Structures are given as structure tokens and as C-alpha cells.
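All remarks here apply to the structure that follows.
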2 protein chains.
Amino acid sequence: MNEVDLYPYQKEVRFYKVLMHPLRLAILDLLRDGEQCVCHMEAVFGLRQAYISQQLMVLRSAGLVEVRREGLNIYYRVIQPEIYTVIDAMRRMTQTEPVLPAKPLLPCHCPTCEVTQVQL
Amino acid sequence: MNEVDLYPYQKEVRFYKVLMHPLRLAILDLLRDGEQCVCHMEAVFGLRQAYISQQLMVLRSAGLVEVRREGLNIYYRVIQPEIYTVIDAMRRMTQTEPVLPAKPLLPCHCPTCEVTQVQL
DNA sequence: CAACCTCATTCATAGCATTGAATATTATTT
DNA sequence: AAATAATATTCAATGCTATGAATGAGGTTG
């Protein structure tokens with residue numbers, strides 16, 4: 001049977017699969033302002049570290065984020081910012097807004113959170 | 001445990017899940033030029049009708065397409081064209097092009113295909 | 001109304017994603 | 001080098017998605 005080759009779509013499909021998860025979208029939103037350590041995400045979302053790491057791994061193996069180590073902390077940053085053009089287009093379509101907690105839900109001791117706490 | 005409410009992301013997530021499938025992307029590409037009947041899709045893609053119908057159902061229950069009956073044929077059309085802004089943003093990011101067969105892979109007798117055949 | 005189109009639905013199976021729990025790894029500090 | 005802190009990985013159970021096969025439902029034509 002002579003059928004169309006849908007293989008060329010796989011590249012896009014892979015990215016849609018990555019975006020198909022609420023926590024991964026939330027992480028990408030958090031990284032809009034620049035790199036953050038895992039510890040900070042843990043505090044902001046109030047979710048277990050292992051779970052966050054699992055989703056970060058998905059983002060990493062998709063080539064969307066990269067990692068930088070500084071002492072004990074590991075900082076993630078987006079290396080393919082074009083992903084935000086996709087996310088923003090979807091937001092316009094669904095008329096939704098990113099929902100991030102204004103303050104971290106849990107106390108944290110990473111540099112980012114220390115600064116946040118001083119500001120309070 | 002005090003954790004973030006990721007529920008607001010579900011609306012977007014639902015659409016990403018819809019886009020996460022090569023045939024559904026191909027169908028949306030085919031519908032860029034306006035409505036098409038199932039029969040035509042069958043011919044263009046060379047895939048079994050039931051399979052195409054299944055994916056059309058997913059597009060329909062996501063509210064992306066609607067249906068119009070004309071005699072024996074059923075025509076699908078996109079009712080939320082903003083979806084193309086998302087798809088196009090993704091295409092720019094992945095630097096891919098939509099791949100549709102220039103001519104239907106199979107003969108078809110729907111109005112659209114008759115016209116195509118006359119043009120040959 | 002019976003045969004025939006076109007399309008939709010149901011069902012079953014296999015595969016993949018999600019997510020919690022436990023544990024491993026890497027770097028730092030003492 | 002042992003203890004600790006931050007992050008990663010593995011495992012297992014469960015649920016969701018994909019897809020083929022079979023069948024059903026609506027219209028149409030003779």
C-alpha cells in the first residue's frame with residue numbers, strides 16, 4: 001500500500017510532547033527571567049526534588065535547556081528561546097496567563113531565594 | 001504539603017497533546033487551503049479511512065475543526081485558525097517544512113479529486 | 001426497501017508517559 | 001575520609017495513547 005511518509009513531522013512532534021506537561025511548562029515559564037537552580041524550583045513549586053529533576057531531564061534531552069554547575073547548586077537555563085514564541089502563540093490562542101506563585105511556597109537557601117527573602 | 005496549582009496549564013496541555021501526532025499535523029496542513037472531505041484525505045495520504053476518522057475525531061473534540069455534510073461527503077474545516085500561529089512558530093524553530101504529497105497517492109472520486117484529475 | 005457509499009465508532013492490544021519511592025552521584029565542608 | 005547538601009537516576013505501578021480490525025450509522029441511488 002502506497003502511503004504518505006509522515007516521518008518529517010517527528011521533529012515537531014517531539015517538541016509538542018515535551019510541552020504537553022504542566023510542570024514542564026511551568027519550569028519554562030520560571031526560566032524566562034534567566035537561569036535558576038533546582039533548589040529554587042523546588043521552593044517555588046513546592047514539589048519534590050526528584051519529580052522536578054525528572055521533568056528537567058526531559059527538557060534537557062529535548063535540547064531545550066542546559067546546565068551549569070556552581071558549587072553545590074546546578075543552574076538550568078533555556079538554550080532555545082524560540083520555544084517561547086510557540087508557547088506565547090498558544091497562550092494567545094487559549095487566552096491563558098502563566099501562573100507562577102509570587103513568592104516561593106517553601107523556604108530555600110539558594111542564592112536566588114536568599115535575595116528574595118532579603119527583599120521581603 | 002503546600003504545592004503549586006498547575007491546573008491552569010491544562011488548557012494549553014490539551015492542545016499540545018492534539019498536536020503531538022504526525023497525522024493530525026498533516027491533516028491540519030491539508031486544511032490550510034480550506035475544507036476537505038474525508039475521502040480526499042484518504043486519497044492524499046494513502047491511509048485507511050477509519051484511521052483518518054479517528055484522528056479527525058481527536059481534532060473535533062478539541063474544538064479545532066468542524067464538520068459539514070454535503071450529500072454523501074463530509075467536509076472538515078478548521079474553526080480555530082490561530083492554531084496555525086502555533087504550528088508556524090514551531091516550524092520556524094525546528095526549521096521544517098510541511099510535507100504533503102503533490103498529488104493524491106490514491107485515486108478518489110470526491111469533487112476535489114475530480115477537479116485535480118481534470119487538471120492533469 | 002435493498003444495495004451501496006461515505007464516514008464514525010467500538011474494541012482490544014501494545015507501547016509509552018507519569019509519578020512516587022528508594023537510592024545513587026557529585027561536590028563541599030569539617 | 002566522613003558527613004552533608006544538592007541533584008540525578010532507577011524501578012515499579014498505573015494510566016494514557018496509538019493503531020489495526022471489525023462493525024455500525026446515515027444518506028443516496030436504483
Side-chain angles (χ1 to χ4, degrees), chain A residues 1 3-4 6 9-10 13-27 35-62 65-77 106-114, chain B residues 1 3-4 6 9-10 13-27 35-43 45-62 65-76 106-114:
Chain A
M1 175 110 160
E3 60 180 52
V4 69
L6 295 176
Y9 284 109
Q10 289 305 333
V13 164
R14 255 193 294 277
F15 282 108
Y16 289 127
K17 285 189 183 185
V18 171
L19 296 180
M20 184 190 86
H21 191 288
L23 181 52
R24 295 198 288 263
L25 288 174
I27 290 173
E35 64 178 13
Q36 294 290 352
C37 66
V38 179
C39 156
H40 182 68
M41 300 182 199
E42 212 179 329
V44 168
F45 297 130
L47 294 171
R48 261 194 307 286
Q49 171 271 320
Y51 185 34
I52 295 175
S53 258
Q54 285 168 343
Q55 304 309 328
L56 282 169
M57 203 82 42
V58 175
L59 292 171
R60 195 152 51 114
S61 56
V65 302
E66 251 180 26
V67 142
R68 178 179 70 88
R69 170 153 234 152
E70 185 175 313
L72 280 179
N73 297 314
I74 291 197
Y75 290 84
Y76 279 84
R77 68 180 180 287
L106 298 177
C108 174
H109 312 292
C110 78
T112 312
C113 292
E114 297 283 280
Chain B
M1 175 110 158
E3 59 180 52
V4 69
L6 295 176
Y9 284 109
Q10 290 304 333
V13 163
R14 256 193 293 277
F15 282 108
Y16 289 127
K17 285 188 182 185
V18 171
L19 296 180
M20 186 189 84
H21 192 286
L23 181 52
R24 294 197 288 264
L25 287 174
I27 291 173
E35 62 177 17
Q36 294 291 352
C37 66
V38 179
C39 156
H40 181 69
M41 300 182 200
E42 213 178 329
F45 297 129
L47 294 171
R48 262 194 308 286
Q49 172 271 321
Y51 186 34
I52 295 174
S53 259
Q54 285 168 343
Q55 304 309 327
L56 283 170
M57 202 83 42
V58 176
L59 292 171
R60 194 152 52 112
S61 55
V65 302
E66 250 180 28
V67 142
R68 179 178 70 89
R69 169 153 236 150
E70 185 175 314
L72 280 180
N73 297 315
I74 290 198
Y75 289 85
Y76 279 85
L106 297 177
C108 174
H109 312 292
C110 77
T112 312
C113 292
E114 297 284 280

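We name chains A, B, ... by the order of the sequence lines, and we start the count at 1 in each one. Because the structure is predicted, anything quoted here is derived from the model rather than measured. Keep in mind that the numbers below use all heavy atoms, side chains included, and drop hydrogens, waters and symmetry copies.
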>> Nearest to the B:Ser53 side chain among C:dA8, C:dA27, D:dT7, which nucleotide is it?
In response: C:dA8
> What nucleotide, of C:dA8, D:dA18, C:dT19, holds the atom closest to the side chain of B:Arg60?
Replying inline: C:dA8
>> Counting the atoms with a prime plus P, OP1 and OP2 as sugar-phosphate, which does A:Ile74 contact under 4.0 Å by heavy atoms, base, sugar-phosphate, or nothing?
In response: sugar-phosphate
>> If I compare all heavy atoms of A:Leu6 with all of B:Leu47, which pair ends up nearest, and what's the gap?
In response: CD1-CD1, 4.5 Å
> Would you say D:dT19 has OP1 or OP2 under 4.0 Å from some side-chain N or O of B:Arg48?
Replying inline: no
> Given atom CG of B:Leu72 and atom C1' of C:dA8, what is their separation to the nearest angstrom?
Replying inline: 14 Å
>> Using the side-chain heavy atoms of A:Arg69, tell me which of these nucleotides is nearest: C:dT26, D:dA18, D:dA8.
In response: C:dT26
> What about A:Gln54, does its side chain sit under 3.5 Å from the base of D:dT10 through a donor-acceptor pair?
Replying inline: yes
> When we call it a touch if two heavy atoms are under 4.0 Å apart, what does B:Tyr76 touch: a base, just sugar-phosphate, or nothing?
Replying inline: sugar-phosphate
> What's the OH-P distance between A:Tyr51 and D:dA12, to the nearest Å?
Replying inline: 20 Å
>> Between C1' on C:dC7 and CD on B:Glu66, what's the gap in Å once rounded to a whole number?
In response: 17 Å
> For the base of D:dA8, is there a side-chain donor-acceptor partner from A:Gln49 under 3.5 Å away?
Replying inline: yes
> Can you tell which of C:dG20, D:dA8, C:dA8 lies closest to the side chain of A:Val38?
Replying inline: D:dA8
> Do B:Glu70 and D:dG27 have a side chain to base donor-acceptor pair shorter than 3.5 Å?
Replying inline: no
>> Go nucleotide by nucleotide along DNA chain D from the 5' end; which of B:His21 and A:Leu56 gets its closest nucleotide reached first?
In response: A:Leu56
>> Heavy atoms from C-beta onward define the side chain here; which of C:dA8, C:dT19, C:dT18 lies closest to that of B:Ala50?
In response: C:dA8
> Can you check the A:Leu6 CG to D:dA18 P distance for me, whole Å?
Replying inline: 13 Å
> How many Å lie between CZ on B:Arg14 and C1' on C:dA17, as a whole number?
Replying inline: 18 Å
> Is a donor-acceptor contact shorter than 3.5 angstrom present between the side chain of B:Gln55 and the base of D:dT17?
Replying inline: no
> Which nucleotide in the list D:dT9, C:dA17, C:dT10 gets nearest to the side chain of A:Met57?
Replying inline: D:dT9
